[in-house]
Amino acid sequence: MDVFEAIKTRRSIRKYKSTPVDGKTLELVLEAARWAPSWHNRQCWRFIVVRDSKTKDKLAATLIAVSADRPNPAAEAIRNAPVAIVACAELGKSGYSAREPMELITDKGDWFMFDVALAMQNLTLAAHSLGLGTVHVGAFDAEKAATILGVPEGICVVSMTPLGYPDEEPPLRPRKELSEIVFYDKFGVE
Ligand SMILES: Cc1cc2nc3c(=O)[nH]c(=O)nc-3n(C[C@H](O)[C@H](O)[C@H](O)COP(=O)(O)O)c2cc1C
């Protein structure tokens, strides 16, 4: 599968088979994350591979409902997929100056979310190319997740994804047309 095909056919998977993911395949997926670009090559990301079902149940319970009448649709996926990968970031590295004293050098704060997102998108595309499903999960209580996983101070839990073989083939979700999102020379100019 080439990159463009992987980008265009990946979709969020929220139903999984119980088939385990073997160690070699898991390593390939993590390797894709490892090779993502990052601010000053600081690689602030850290990944926790969760296979223990009790820990997955606890993580699933940290997910936040998207609206009052609808639980987070990814909670079952975190519970049922054979693996969950939790992406964390070391704070105070991304977006900071190259040398001591470490200072933020843009007006956009700590760039940890950006770096972790790049790594996680590499991971989800690589997983898809290997026939595995994922879904980026952001709506969860990060402090509770950190406590469950023993994440130390200074490291933020950013996102997670279930990982396993899909047990559904949901339709591709629509995207805005290029004409709605791309401007030329000035914002708003099509
Ligand atoms: C930053 C981010 C956070 C997300 N958080 C959740 C989430 O908490 N629960 C969930 O079910 N899906 C979550 N999603 C998945 C999106 O709903 C999904 O990517 C979007 O609807 C487009 O569908 P597709 O991934 O199938 O193309 C998240 C996606 C992103 C990029």
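Values reported hereafter were calculated over all heavy atoms of this structure, with side chains retained and with hydrogens, waters and symmetry mates removed. Keep in mind it's a predicted model, so treat the numbers as computed, not measured. Read the numbers this way: they start at 1 and go in the same order the structure lists the ligands and their atoms.
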Does some side-chain heavy atom of Leu132 sit less than 4.5 Å from a side-chain heavy atom of Tyr165? yes
Can you list, by chain and residue number, every protein residue with a non-hydrogen atom closer than 4.0 Å to ligand 1? Arg10, Arg11, Ser12, Arg14, Asn72, Pro73, Ala74, Val135, His136, Val137, Gly138, Ala139, Arg173, Arg175
I'd like to check the salt bridge (charged side-chain N to carboxylate O under 4.0 Å, His left out) partners of Asp57; sequence neighbours left out, ordered by chain and number. none
Salt bridge (Lys or Arg N to Asp or Glu O under 4.0 Å) pairs touching residues 17-31, sequence neighbours excluded, are Glu31-Arg34
Tell me every residue that passes side chain to side chain donor-acceptor pair (under 3.5 Å) with His40, counting only those two or more places apart in sequence or in another chain. none
Tyr16 side-chain N/O to Thr134 backbone N/O, donor-acceptor pair under 3.5 Å: yes
Using a strict threshold of under 4.0 Å (side-chain N to carboxylate O), is an ion pair present between Glu90 and Arg46? yes
